[in-house]
Each structure stands twice: as C-alpha cells, then as structure tokens.
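Naming: A, B, ... by sequence-line order, numbering from 1 per chain. Computed over heavy atoms, backbone and side chain alike; hydrogens, waters and symmetry mates excluded.
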There are 2 protein chains.
Amino acid sequence: MFRISSKSKSLSSSAVLLTEWEAAIIDLFLNAAQSVGLPKSLGQIYGLLFCRDESLSMNDIMELLNISKGSASQGLRALRQLGAVNSVFARNDRKERFVAEIRLRKLVSGFLKEQGEPHLEKGLARLDNLRNLLDDEGDFKSAKRGRRRERILTGWHRQMSRLLPWVKMIVGKSDRLHRKSSD
Amino acid sequence: MFRISSKSKSLSSSAVLLTEWEAAIIDLFLNAAQSVGLPKSLGQIYGLLFCRDESLSMNDIMELLNISKGSASQGLRALRQLGAVNSVFARNDRKERFVAEIRLRKLVSGFLKEQGEPHLEKGLARLDNLRNLLDDEGDFKSAKRGRRRERILTGWHRQMSRLLPWVKMIVGKSDRLHRKSSD
DNA sequence: ATTAAGGTTCAAGTTTTTTTGAACAACTTG
DNA sequence: CAAGTTGTTCAAAAAAACTTGAACCTTAAT
C-alpha cells in the first residue's frame with residue numbers, strides 16, 4: 001500500500017502488500033488455474049499481474065506473492081508460453097517486466113493451442129497405433145469389435161477437432177465490447 | 001487367487017486378460033482422463049467398459065484392471081455421476097453391472113455439468129464477494145482500479161456462461177451420424 | 001578480467017491427490 | 001439367524017504434482 005521507492009521503479013523491499021481485493025482476485029485466479037489443471041502459482045502470478053496497471057518484474061512478483069525464484073521463473077515461462085503474459089523491457093533497465101494479457105479471446109486460444117491441440121495430435125498418433133494393433137489381432141470377432149471401437153474414437157476425434165475453432169470464435173465474439181481500445 | 005466359479009456369468013479366475021488393442025484403448029482413456037483432470041482410474045474403468053459389448057460387474061473390472069475394490073467402487077461412482085457409465089441389473093443376479101455411455105454428446109454435457117457449471121457458480125459468488133471488498137476499499141484510486149477489474153471479470157464470466165450451451169450443441173451435432181441406432 | 005544482477009535449472013523437499021485394503025453396512029439365502 | 005455376497009467408507013500408504021533454493025549460466029558495468 002505504501003511504496004517507498006528509491007531510484008528503481010520496482011517495488012522495493014517494503015511495499016510488499018496486496019490490498020484485500022487484490023488478494024481476492026489472486027485467489028480467484030488461483031482456483032481457476034487449478035480447475036483447468038494448471039499449477040496454482042500460475043494462477044497467482046497471472047492474478048497479480050491482472051490486478052496491476054504497471055508492469056512488474058520477477059522480483060516484484062516473488063515478493064508480493066511470497067513465492068520462490070524458481071516458481072516465479074517457471075510460472076512466468078509457462079504463462080508466456082500460454083500467451084497469458086507479455087513481457088516488456090523498460091529502456092536502460094536490464095530487468096524484464098511483465099503484464100497480463102487481458103483479452104479473453106487470446107487467453108482461451110492460447111490455452112487451447114497449448115493444452116488442447118497437443119492432445120488432439122497425440123490422439124491421432126494413438127489411433128494410428130490402434131489400427132496397427134487391430135491389423136495384427138488374430139481373433140476375428142475381437143478384431144471386428146475393435147474396429148467398431150476405432151471408428152467411434154475416430155469420430156470423436158473429428159468432432160473435438162471441429163469444436164476448437166468454434167470455441168475460439170464464440171469467445172472472441174464481443175470480447176471487445178467490454179473494452180475501450182483494443183488489439 | 002483362483003476362484004472356482006460356478007454359476008456366475010461373470011468372467012472368473014482366468015479370462016483375466018485384455019487383448020492388446022483393449023489395453024491400448026484403456027491407456028488412451030487413462031491419458032485422456034488425466035488431461036482433463038480426472039483420476040487415471042476413471043479413465044481406465046471407462047476405457048474397459050468402452051471396449052466391451054457385455055456389461056461388467058465391479059469384480060470383473062477389479063480383476064481385468066488390477067485395481068482395488070476401493071478404486072473400483074469410487075471410480076464407478078464418479079463415472080455414474082458424470083453420466084459416463086450406466087448400470088444395468090441382470091434379472092435374478094444381485095450384482096450391479098455397468099456399461100459405458102458412448103454418445104459423445106452425453107459425455108461432454110455430463111462433464112460440463114459436473115465440472116464446468118459448478119465453477120461458474122463459484123465464480124459468481126466470488127465476484128459478489130469482490131464487489132463487497134471494493135465497496136470497503138478506502139483508497140479511491142485503488143477502488144477505481146479494482147472496479148475496472150471487476151467489470152472485466154464479470155464480462156468474462158458472462159462469456160464463459162454463454163459458451164457452454166454452444167459446446168454442447170456443436171458436439172451434439174452429427175454425434176448420431178456415426179451410429180446406427182441411438183438414444 | 002572481475003564482479004554483480006537477472007534469470008534458468010533441477011535435485012531434493014513439501015504438499016496434494018490417488019490408491020489401497022481392512023472394517024463395516026446391507027441384503028440374501030439356507 | 002449364521003454365513004455368504006455385494007458394495008461403501010475411510011485412514012493410512014503410495015504416487016504424482018508442485019515448490020524451493022542453491023548452483024549455474026549469461027550479460028552488463030567497472
């Protein structure tokens with residue numbers, strides 16, 4: 001809440017406080033992260049950045065959230081990977097600083113790209129493998145049953161593949177209605 | 001370890017074998033389960049039932065998958081809850097027997113109902129709580145920033161709420177194209 | 001070249017989740 | 001009602017996931 005700053009624009013040593021509402025939002029994202037299968041610390045970090053107008057350095061994040069260097073580093077990497085944070089470099093400051101991506105469309109499509117698409121890929125490979133096993137199946141009845149199952153799975157795979165673009169599209173809709181400027 | 005069976009139609013003692021392709025499908029579902037944040041054993045159990053034409057008893061499942069009674073019991077309960085398995089009772093057999101629900105539409109909507117909707121509910125409560133905290137925030141600037149965030153989150157919440165029905169609808173589409181009879 | 005700051009890695013420690021199995025409840029049957 | 005099934009519960013064990021922090025890069029300033 002207070003911020004005794006010296007030369008650095010970073011929060012330094014003291015000023016390691018979150019307002020109550022910030023803590024609530026961070027906790028909200030912490031839970032959201034868990035519910036979509038991401039580590040808690042990702043949620044916390046994102047939540048913190050989401051709350052702030054100014055960009056924060058990795059150190060700021062460690063101090064405000066009381067997490068270790070390792071968590072902060074790995075968490076930020078994952079968030080970058082997901083497209084959930086962007087880094088900015090202030091001139092003549094060596095530190096990398098971070099801001100949250102707040103366009104839902106971007107968040108969702110980043111998430112789907114990193115978490116959804118790889119699974120669909122892997123699924124395709126598994127289906128191929130399954131077909132091979134079925135070609136080797138000696139028992140005719142069993143092979144027939146297996147092929148029925150293979151067809152079902154292939155159909156599911158196609159449906160899920162079709163779904164993703166729609167999700168991005170639907171979420172993208174009206175994302176911008178709630179924002180003044182954008183992109 | 002051996003069980004001298006008798007009248008029961010259940011697989012008994014021997015016949016505790018999966019074909020290679022069945023094992024592959026079970027493993028596929030095991031991974032799929034993990035990737036959507038469900039316990040592995042749920043995936044395995046569902047996968048096994050998915051492979052079989054005949055219904056299986058809890059005992060069959062324990063033996064074929066080598067899992068404990070507890071896992072089987074809890075896993076089946078969760079799958080029923082998700083609408084991913086249905087139980088059938090053979091006449092004059094006391095055992096409950098299970099079959100997999102293979103309509104993707106049902107699977108997806110069950111999953112969303114159990115996993116998605118509760119989170120949206122909780123989110124609503126959290127947003128309420130956030131508003132209360134913001135009303136108590138003393139610092140005017142901070143409160144203003146907080147309200148901007150609250151509006152963003154409220155918008156996201158609305159969008160996600162809108163998304164679910166579409167997902168069910170899109171997945172439901174053409175589900176039946178890949179099946180001879182249905183519902 | 002040396003020192004220091006900013007960041008990354010990863011083995012080890014911690015926490016959380018999942019699985020197990022023995023005890024127990026509910027029912028049937030002889 | 002004693003004995004045998006079937007299935008549930010839950011505390012403890014095992015496994016998986018997450019976090020930590022010290023060692024280690026890399027780059028910048030002296």
Review point. How does DNA chain C look in dot-bracket notation if pairs are Watson-Crick or G-U with both distances under 3.5 Å, crossing ones as [ ], other-strand ones as |?
Key: ||||||||||||||||||||||||||||||
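- Under the salt bridge (Lys or Arg N to Asp or Glu O under 4.0 Å) criterion, B:E101 pairs with B:R103, not counting sequence neighbours.
- B:S55 meets the side chain to side chain donor-acceptor pair (under 3.5 Å) test with B:R97; sequence neighbours excluded.
- The stretch residues 67-83 of chain A touches DNA chain D through A:I67, A:S68, A:G70, A:S71, A:Q74, each having a heavy atom within less than 4.0 Å of the strand.
- Legend: side-chain hydrogen bond (donor to acceptor under 3.5 Å, both in side chains) pairs involving residues 77-87 of chain A, not counting sequence neighbours, sorted by first then second residue: A:R80-A:E96, A:Q81-A:E114, A:S87-A:E96.
- As a whole-Å value, the separation of A:N59 CG from C:dT8 C1' is 14 Å.
- Checking each of A:I26, A:N31, A:I25 against A:F29 for a side-chain contact (heavy atoms from CB on, under 4.5 Å) leaves exactly one that passes, namely A:I25.
- Listed by residue number, there are no residues of residues 40-51 of chain A with a heavy-atom contact under 4.0 Å to DNA chain C.
- With respect to A:D53 and B:R148, a salt bridge is recorded, a charged nitrogen being found less than 4.0 Å from a carboxylate O.
- Pairs passing the salt bridge (charged side-chain N to carboxylate O under 4.0 Å, His left out) check and including a residue from residues 117-129 of chain A, sequence neighbours excluded, read A:E117-A:K168, A:R126-B:D27, A:D128-A:R131.
- By the side-chain contact (heavy atoms from CB on, under 4.5 Å) test, A:S161 is found to be paired with A:L120, A:H157, residues two or more places apart in sequence or in another chain being considered.
- Going from atom CE of B:M62 over to atom P of C:dG21 covers 9 Å, rounded to whole Å.
- B:T154 contributes a side-chain N or O that, together with a main-chain N or O of B:E150, makes up a donor-acceptor pair within less than 3.5 Å.
- With side-chain heavy atoms closer than 4.5 Å counting as contact, directly or through intermediates, the hydrophobic cluster containing A:V88 also holds A:V99.
- Ring centroid separation for the pair A:W21 and A:F50 does not come in under the 6.0 Å cut-off.
- Whole-Å rounding puts the B:D93 CG to C:dT29 P distance at 11 Å.
- Remark: B:E22 does not engage A:R149 in a salt bridge, criterion side-chain N to carboxylate O under 4.0 Å.
- Of all nucleotides in DNA chain D, those with any atom nearer than 4.0 Å to a heavy atom of chain A start and finish, going 5' to 3', at D:dC18 to D:dA28.
- Residue pairs meeting the salt bridge (charged side-chain N to carboxylate O under 4.0 Å, His left out) criterion with at least one partner in residues 36-47 of chain A, sequence neighbours excluded, are absent.
- A:A143 pairs by the side-chain contact (heavy atoms from CB on, under 4.5 Å) definition with A:E137, A:R147, not counting sequence neighbours.
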